[in-house]
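Below you'll find the structure, written out as structure tokens, and then a few comments.
Everything numeric here is computed off the predicted structure, so don't read it as measured data. The residues of the chain are indexed from 1 along the displayed sequence.
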Amino acid sequence: MAGKKNINYDDLLLGLCDSVSGVLSDATSHKVKYAPMVQRISKTTLTPDIGTFVMFTGSFSGMVVINFPKETAMEIYSEYMTSMGISKKDQALNYTSEEVSNALGELMNQILGNFTKKVNDKLHTSITQSQPKMLALPRELQISISVNLDNPRYSKVTFTTEGSNVFFLELAMDNTEFDLVKDFEEHSVLTPDEILDEYSKA
């Protein structure tokens, strides 16, 4: 999104994908990447084995859905726990465990937090998010969820973990566009680590 005179739906989708990849790569200490091709879809759906979604509102509205097959959910959960110093023997063994849902919900919070910060920094506007909702779904069940949008667009992006497991991001959002009519400096809120780093250099 940096340096552009016009920011549209595709730019926001790319920013969201970067947030998903960046947050999960940092949290698990393993690379998470996304496919360069975007699939246009007609609705958002929660699918097995774990479906999670977050609504956001503000300058534009939408919903983010991430669907994790159980193998992917367990890989991300285990690597996240390991990176925080929790041994394998103390980790949950089944994707239906509340611990797994809680961990993925926390990561979803971090992803949307990262995305909303980028929106605020780049566009001088704001969006707010709801608490992530998460469901462990049986294989045969799919749930379509709708969001009230004036001019919606729907997209699906495939992500791959370092362990070659996949998961899927779906975005339902207003087909919005922002045009720069006046130059401004981007907001930049430093993290505590960045503040300490600058202080030590000084």
Side-chain angles (χ1 to χ4, degrees), residues 9-10 12-25 27-28 30-57 60-81 91-116 127 129-149 152-175:
Y9 173 96
D10 291 325
L12 294 166
L13 173 61
L14 180 61
L16 176 60
C17 288
D18 286 339
S19 290
V20 173
S21 176
V23 168
L24 293 184
S25 295
T28 62
H30 289 82
K31 186 67 176 175
V32 174
K33 57 187 179 181
Y34 57 91
M37 301 297 288
V38 175
Q39 181 182 357
R40 300 303 179 195
I41 55 178
S42 60
K43 61 182 178 180
T44 49
T45 307
L46 292 174
T47 61
D49 292 297
I50 293 182
T52 178
F53 68 96
V54 173
M55 312 283 289
F56 58 86
T57 57
F60 53 90
S61 300
M63 176 170 57
V64 177
V65 174
I66 301 183
N67 291 310
F68 299 95
K70 60 186 175 184
E71 296 83 5
T72 313
M74 292 306 297
E75 178 190 347
I76 292 173
Y77 161 78
S78 180
E79 290 177 348
Y80 182 36
M81 294 296 102
Q91 296 176 16
L93 300 177
N94 196 299
Y95 78 94
T96 59
S97 167
E98 187 176 346
E99 293 175 34
V100 176
S101 293
N102 288 342
L104 294 179
E106 169 57 26
L107 290 172
M108 188 72 157
N109 247 336
Q110 292 179 32
I111 288 166
L112 265 292
N114 182 279
F115 176 63
T116 56
I127 54 176
Q129 68 181 78
S130 66
Q131 279 295 109
K133 303 291 189 297
M134 189 161 306
L135 293 173
L137 300 164
R139 176 64 60 183
E140 67 276 7
L141 181 64
Q142 295 188 352
I143 302 174
S144 296
I145 46 179
S146 60
V147 58
N148 187 24
L149 300 172
R153 277 183 66 180
Y154 303 88
S155 299
K156 181 176 180 179
V157 180
T158 302
F159 286 74
T160 307
T161 67
E162 196 163 286
S164 299
N165 288 311
V166 299
F167 64 94
F168 307 96
L169 166 78
E170 296 183 11
L171 174 65
M173 198 185 85
D174 281 325
N175 189 19

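Qualifying ring-ring contact (aromatic ring centres under 6.0 Å, His included) partners for Tyr80, counting only residues two or more places apart in sequence or in other chains: none. Considering only residues two or more places apart in sequence or on other chains, Phe53 meets the ring-ring contact (aromatic ring centres under 6.0 Å, His included) condition with none of them. Residues passing the side-chain contact (heavy atoms from CB on, under 4.5 Å) test with Asp49 are Pro69, Lys70, Tyr95, Arg139, sequence neighbours excluded. Every residue meeting the side-chain hydrogen bond (donor to acceptor under 3.5 Å, both in side chains) condition with Asn165, not counting sequence neighbours, appears here in chain and number order: Glu75.
The minimum heavy-atom distance between Ser19 and Ile111, with the atom names listed, is CB-O, 3.8 Å.
Side chain of Gln129 to backbone of Gly113: a donor-acceptor contact under 3.5 angstrom is found. Within the 3.5 Å criterion, the main-chain N or O of Lys133 finds a donor-acceptor partner in the side chain of Thr52. Under the 3.5 Å distance criterion, the side-chain polar atoms of Ser21 are left unmatched by any main-chain donor or acceptor of Cys17. Between the Thr45 side chain and the Thr47 main chain, no donor and acceptor come within less than 3.5 Å of each other.
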Side-chain donor-acceptor contacts of residues 100-108 below 3.5 Å, not counting sequence neighbours, with atom names and distances?
unit_1: Asn102; atom_1: ND2; unit_2: Glu98; atom_2: O; d: 3.4
unit_1: Glu106; atom_1: OE2; unit_2: Gln110; atom_2: NE2; d: 3.0

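For residues 32-47, the set of pairs meeting the salt bridge (Lys or Arg N to Asp or Glu O under 4.0 Å) definition, not counting sequence neighbours, comprises Asp10-Arg40.
For the atom pair CG (Leu112) and CE (Met55), the distance works out to 11.5 Å, reported to the nearest 0.5 Å.
Ring-plane geometry between Phe159 and Tyr34 is classed as tilted, the angle between the planes lying from 30 to 60 degrees on a 0 to 90 degree scale.
With 3.5 Å as the limit, one finds a donor-acceptor pair spanning the side chains of Tyr9 and Ser155. Looking at Glu170 and Thr44, their side chains never bring a donor and an acceptor atom within 3.5 Å of each other.
Residues Phe167 and Ile76 have side chains in contact (heavy-atom distance under 4.5 Å, counting atoms from C-beta outward).
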